[in-house]
Amino acid sequence: MSPLKIKKGATSHSAYDLRPSFSDKEEQHTLAVLVENEPGVLARVIGLFAGRGYNIDSLTVAEVDHLGHRSRITIVTTGTPQIIVQIKAQLGRIVDVHKVNDLTVEGPSVERELALFKVQGTGDHRIEAIRLADIFRANVVDSTLESFVFEITGTSEKIDAFAELMQPLGLQEIARTGVAALSRGN
Amino acid sequence: MTKAMTGARMVVQALIDQGVDTVFGYPGGAVLPIYDEIFQQNSIKHVLVRHEQGAVHAAEGYARSTGKPGVALVTSGPGATNAVTGLTDALMDSIPIVVLTGQVPTFMIGSDAFQECDTVGITRPCTKHNWLVKETDKLASVMHEAFHIATSGRPGPVVIDIPKDVQFATGKYTEARQVETHYNPQVKGDMEMIAELAAAMETAKRPLFYTGGGVINSGPAASQLLRELVAATGFPITSTLMGLGCYPASGENWLGMLGMHGLYEANMAMHDCDLMINIGARFDDRITGRLDAFSPSSTKAHIDIDASSINKVIKVDIPILGDVAHVLEDLLNVWKARGRKTDKENVQKWWHQINDWKKVDCLAFEQKGKVIKPQYALSRLEELTKKHDRYICTEVGQHQMWAAQYLGFEDPNRWMTSGGLGTMGYGFPASIGVQMGHPDALVINVAGEASWLMNMQELGTAMQYGLPVKQFILNNERLGMVRQWQELLHGERYSSSWSESLPDFVKLAEAFGAKGIICSDPDDLDDAIMEMLNHDGPVLFDCLVEKHENCFPMIPSGKPHNEMLLGENADVANAIKSDGAVMV
């Protein structure tokens, strides 16, 4: 048997906490996954979640660095701490994945979602809709005599709350982008 | 220097540059330009298989026995879909192979063209990585990167899908050294964790090394370091099916294989140990049995190159992410520097306990009467071949477990078996791949008749290339493991687990121009085996064995390690409760 040539050198640490404390309670985590902008990379990520039975609560993806050929996928997922650690490790072994950040545990972060709401109505309902939109700082981006399209940005909870209020006022359709998230500070 | 050449030429050039000497494949419309290039060179041997699944398993056998990546070349559509089982097999067992598939020309992709399939889509979940190369200029760099990814970190299969127009077009050839890759998995373990493990080894009263395929995949140095560590500490060692050979079966600290059909002493030691040192194994369900009763009182250390293997099913106390050889070297150095301490007195007591378990002699069997016991057949095979330069492949089922129990492996890379996926039909083509990598060695495929028939067409390949592979078939005219489970769990209702019209294997061999031997009498067995060994060419050995032999010892589904069933008298039906029966 011929011995291996074993390199001497400093140890680089894993990106993953290999010794987490596990409980059985499900938690929601927001993961930021920086990937090579290659065909099929989104399919790899989605296929991983489907194939191993993980949840996707929300998923957004877009190129963020054209020259560097990088896209950012933001995934909101739910699972026990052990599953969350598995998800991060499984994402990390995809060849096209450069970095996995768990924004939920790696310090404070901001999360925003954009949504478009089509609300139809006349009279008091119409007036109430535009009043509430004002309170929620939603913008009117389209208007007819009998309908509005509102644009609203905020946390998912804020958009949920807005949807609930619009429901009795003639809510017709909602389009949501899913969550985009960044860590706070440096 | 960049040279201009066609895509097809690039494929061959990149293979040569990567040191490939053998390609297993099957031509078809979408790979004709590559086959034309293969025809016009002498550096690479091409082995024409008889089915694409055979090509991939042969590449696996080649890879596992040589430590070099295996290469397969298949056409589009059915060529690619036939490769899927082999790819999944290689993924489960972490075998580095590069599979090249032809594809319809780029301008026809998506049009449901003749022999078109979405190869990258189909193979995405069963490869470590895959590529559809749409530009000839990128083909060479993808080829080089593919070899890098297949062989670094946790090894695995990769697919490169190459449309026919890309093969015809001319582009710039990129040398391997010009290719940049970000894929560079961590190989050095965390020194703090390694020190923690060394400290645990110093105080352990009942330590145990639990080793797996990762030791083999890490290369021969890993096995060397492991042997050094075992000798220096005096701790007992067991291994999974995948890790057999990393520590010699004749070594004095060897407990034998563990797991569902592992040895009594190995499983009892797993259950009772207080320090489990997992080296390159992954707590597979064949190993752990019932999870909540798995080795309840041990501190568990786990050395693995794949972060997703750590804490996946079993929570470990000392996780070490890194390559086995690198980590073992550091571990040995740290442990030696700390004074080579172990709790000798308690480890000695532990050995007394283990030696008591060994007295159970769980592999004992009695060869009586005129029917060959499969255990006897393998014991004789072991006795008559162990001094040879020997490589063993297996199919999947009872014979595979008996081979693991009754054959001894002294070195890594000598044992080729489908562990994770459990692919019947793996062994015969794998033996062809092994023989291509080791033309002068004795290559034996221990098979069951049912598994062997799944890829029997490869007898044509063995004949065409004069590969003297020995097919040692334990013929019980049953799907033995299925039959065993039906006996134990399904009220002896043998639903579809026997073959009513098996071929005459001697005539079958002769039809291909190979040699066939049949043996049914234990008294004739040694002579028959010698006849097989002395024949210079492929041999089909039809060994008629006891039809209803069950494979023991056995940990019934849903049971912990210390509730093993040892033999035919065991109360199996009552041992397996309905909650265990749901598991496979």
Counting only heavy atoms from other residues, nucleotides and ligands, does the tally under 6.0 Å from [atom1] of [X] exceed 12?
{"X": "Asp24(A)", "atom1": "CG", "result": "no"}
{"X": "Lys99(A)", "atom1": "NZ", "result": "no"}
{"X": "Lys158(A)", "atom1": "NZ", "result": "yes"}
{"X": "Glu146(A)", "atom1": "CD", "result": "no"}

Between Asp306(B) and chain A, which part of the residue has a heavy atom less than 4.5 Å away: side chain, backbone, both or neither? side chain
If I measure from the heavy atoms of chain A, does Val313(B) come under 4.5 Å with its side chain, its backbone, both, or neither? backbone
Check for a donor-acceptor pair, side chain of Gln90(A) on one end and backbone N or O of Ser308(B) on the other, with a separation under 3.5 Å. no
His182(B) side chain to Val95(A) main-chain N or O, any donor-acceptor pair under 3.5 Å? yes
Which residues, numbered in order, of residues 39-76 of chain A come under 4.5 angstrom of chain B by heavy-atom distance? Gly40(A), Ala43(A), Arg44(A)
Search all heavy atoms of Gln82(A) against all heavy atoms of Lys312(B) and return the closest pair with its distance.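 Residues Gln82(A) and Lys312(B), closest heavy atoms: NE2-O, 3.2 Å.
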Go through His129(B) and Ile94(A) one step at a time and tell me if the side chain to side chain contact (heavy atoms under 4.5 Å, CB included) criterion holds. CA-CA 8 Å; His129(B) 198 62; Ile94(A) 296 175; 5.6 Å; no
Is chain B contacted by the side chain of Glu38(A), its backbone, both, or neither, given a heavy-atom distance below 4.5 Å?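 Contact with chain B involves no heavy atom of Glu38(A) at all.
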I need the Arg93(A) CZ to Tyr183(B) OH distance, nearest 0.5 Å.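 Answer rounded to 0.5 Å: 8.5 Å.
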Pairs involving residues 131-141 of chain A, ordered by first then second residue, that meet side chain to side chain donor-acceptor pair (under 3.5 Å) (sequence neighbours left out): Glu128(A)-Arg131(A), Asn139(A)-Glu151(A)
